[in-house]
Structures are given as structure tokens and as C-alpha cells.
Amino acid sequence: MPVARPELSDSRVIAHVDMDCFYVQVLWKTDSSSLKVRSDVRRQVYRFKGMKCNDPILANWSYCESVVEQRKQQSLRGQPTAVVQYNSWQGGGLIAVSYEARKFGVKRSMRGDEAKQVCPEIHLVQVPVARGKADLNTYRNAGSEVVSILSRRGRCERASIDEVYLDLTIAAEAMLADNPPECLETISEDVVQSHVLGLEEVGSDARENVRHWFTRSDASRRDKLLACGAFIVAELRLQVLEETEFTCSAGIAHNKMLAKLASGMNKPAQQTVVPFSSISKLLRTLPIKKMKQLGGKLGTSLQIDLGVNTVGDLLQFSEEKLQEYYGVNTG
DNA sequence: CATGGGACCCAG
DNA sequence: CTGGGTCC
């Protein structure tokens, strides 16, 4: 029988790391492989610009443009920018949008022309093209740099080009045994800036609440493990920033689903912890469509056919009942 | 044609 | 295996 159920009573420490508008960030950076390509081709680009181009590699004008555009990279920091693929039809499709551009209402999956209308000063940069297709290898390689840093502290699972799950259970247990947060004299600002779900965020001093949560000696073992995990993730995110210039956001929780949910709650360049005690409150009212796997037709079917709107509503249905509707695994 | 394409999972 | 769904 297929089983797709997590273990009961789970105290793993799982992080989900999500790069902020990753394709845009990659433009800001100069990595060695793209430099090599650029210096190879730069001379020819200038030679071919405005002419008929017979070289099969350079024949695609989009590629020439993208090579030229990449030279602007450093100056694009802090400016409204989007990465587009295929510029020939209505300016190409946006696949990443900088936070500066988002302020103007520029959205992913707009066309380049559309983005120019709402944000005339936006910089549109094309992804490289190889064999007539968008070539994402530059971004894939940049993602690998991040994975190599994250894997210093735990096992990594690449979830996509710009997302990684990290199992920090072992590292958190070790930290709890050797050097628990409650014994630390000072706690770095990066850690205190974490968001912890379920903490009363009264206007007075959220910082002090977080600091207290991290250092309380009477916390449950689960909470202490998550606190250690959040420490480690804060360190890792700093190392990623120092070594790659990339910022990312992260969620820290007891399983992948919750870590993924949390990483998207505070962006960019922030991290969010989901303590065990906050889970039921969080899920009871969470719209089902926000959960991974339920954003499409399955989620719609849950709403329309079963009247399930929140994760809490789902509890009224037995596993067997759901399997009747959707099959053994999906159910 | 007009969000594009690839990776992965599942049901039948 | 194919065809459909989902994600980025």
C-alpha cells in the first residue's frame, strides 16, 4: 500500500529556503561561468550588432541582447528590474520581478510591454537562449552555489531552481546539547529579527518577545530545537549573502509543508519560525488553496465538491473518505 | 499559440 | 505507459 504520510509526533527541524526574486538577483552578480561566456562572445556581439548574423549561436537576436544587457548588472541593484523570456511577442513574458518593480504593480506573467506601461523606467533583461529555448542554466548553477553552502549544516533537497529544503535535525540537536541559546550571552540581531508565529505581537516590543522566546529555559524540547534551527538558518543566510551576494527568505518548522508555508510569510530577506503550539491555530483558518498541491483543480474540487475552505474543515473527513474521492495517494 | 517549459507525481 | 495536474 502506498503511504505518503509523515510520521506522527515529529520533532525534526526542517527549513525551507526560498531565494528572493532569484533571476533578478543573479543579474546583479558576476559569476565566473557567465563571465567566461560573456568575454567569449562580447567582441562578436559588438561586431554583429545591427547586422545580419550567420553564426548559429549568435543568430538569435535575443541572445545577443541578453549578453549586452548583462553588462549592466551592477548598476541594476536597487532599480526596478524584471527578467523576461522571449521578447518577440509583446515584449516577452516576465519570469522574475525585483521588489522595486513590484511597487509599481509589475507582476510575474505580465508581458514586457505591459510592464513598461505601469513602470516606464523598468529594466527588462532577457534570459539567454540556446537552441531556440530559454536557457536557465545560469540560474541553475547559481542555485547550486547556494545549495553547497546550505549543505554544510544538513542534508539538502532541491525543490526547484530557487528553493531548497534543509534537514537541520542533527545540527539542531547538537547545538542544543553543546551550546543552547539559553546559555548565550548575546544573540545576534539576525536571529532576533526572526518572526515567530503565535507570539503576541503587541506594539510594545516584538524584538524583546522574540529574544525571550529564543532564550527561555523552560521551553519545550521541540521549541528549543526550532530555536536552534532558526539560529543555524540565520547563520547560513548570512553566509549565503557574504559568499554569493544573494538574499533569501526561510521558514523553520517541524516538517516540509509548514516550512514551505512559513518561508513565504515574510519576504524578502526574512525568516519565520512555526512552533508546534502555533500549528493548529495557523491551519484551522488557512485557506486550503494556500497549501502546496492544493492551489489548482484539486483545491477547487475540495471547495466545491466537499465544501472544504480551510485546512481545519478538512478534519471532518476521514482519510478513507478522501481516498474514495481522490484515490489512495492523493486522498 | 500567447505564461513557457520542464520536472515530477498520480490515476487509470 | 499515457494523459492530466501542479509547481516554479
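To find a chain, count down the sequence lines: A is the first, B the second, and so on, and within it residues start at 1. Since this is a predicted model, take the numbers as computed values, not measurements.
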Inset, instruction - Under the side-chain hydrogen bond (donor to acceptor under 3.5 Å, both in side chains) rule, what do Lys224(A) and Ser217(A) come out as? Steps first, then yes or no, please. - result: CA-CA 9 Å; Lys224(A) 289 181 180 180; Ser217(A) 54; over 6 Å; no

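- As judged by a 4.0 angstrom heavy-atom cut-off over every strand, Gly93(A) is placed among residues making no nucleic acid contact.
- Look at CG on Leu302(A): it is 11 Å from P on dT6(C), rounded to the nearest Å.
- No contact: Gln90(A) has no heavy atom under 4.0 Å from any strand.
- Counting non-hydrogen atoms under 4.0 angstrom, Ser109(A) reaches a base of the nucleic acid.
- Note on Gln293(A): only backbone sugar-phosphate atoms sit closer than 4.0 angstrom, heavy atoms only; bases stay farther off.
- For the pair Arg158(A) CZ and dC7(C) P, the interatomic distance rounds to 20 Å; values are reported in whole Å.
- Taking the ring centroids of Tyr139(A) and Phe22(A), they lie at or beyond the 6.0 Å cut-off.
- Among the protein residues, Leu94(A) comes within range of no part of the nucleic acid, since none of its heavy atoms lies under 4.0 Å from any strand.
- Residue-level contact check: Lys260(A) touches the backbone only, with heavy atoms under 4.0 Å from sugar-phosphate atoms and none from bases.
- When the C1' atom is used for both dC1(B) and dG5(B), the distance is 14 Å, rounded to whole Å.
- To the nearest angstrom, C1' of dG5(B) lies 9 Å from CG of Leu136(A).
- When the P atom of dT3(B) is taken as reference, atom CG of Asp113(A) falls 14 Å away, rounded to whole Å.
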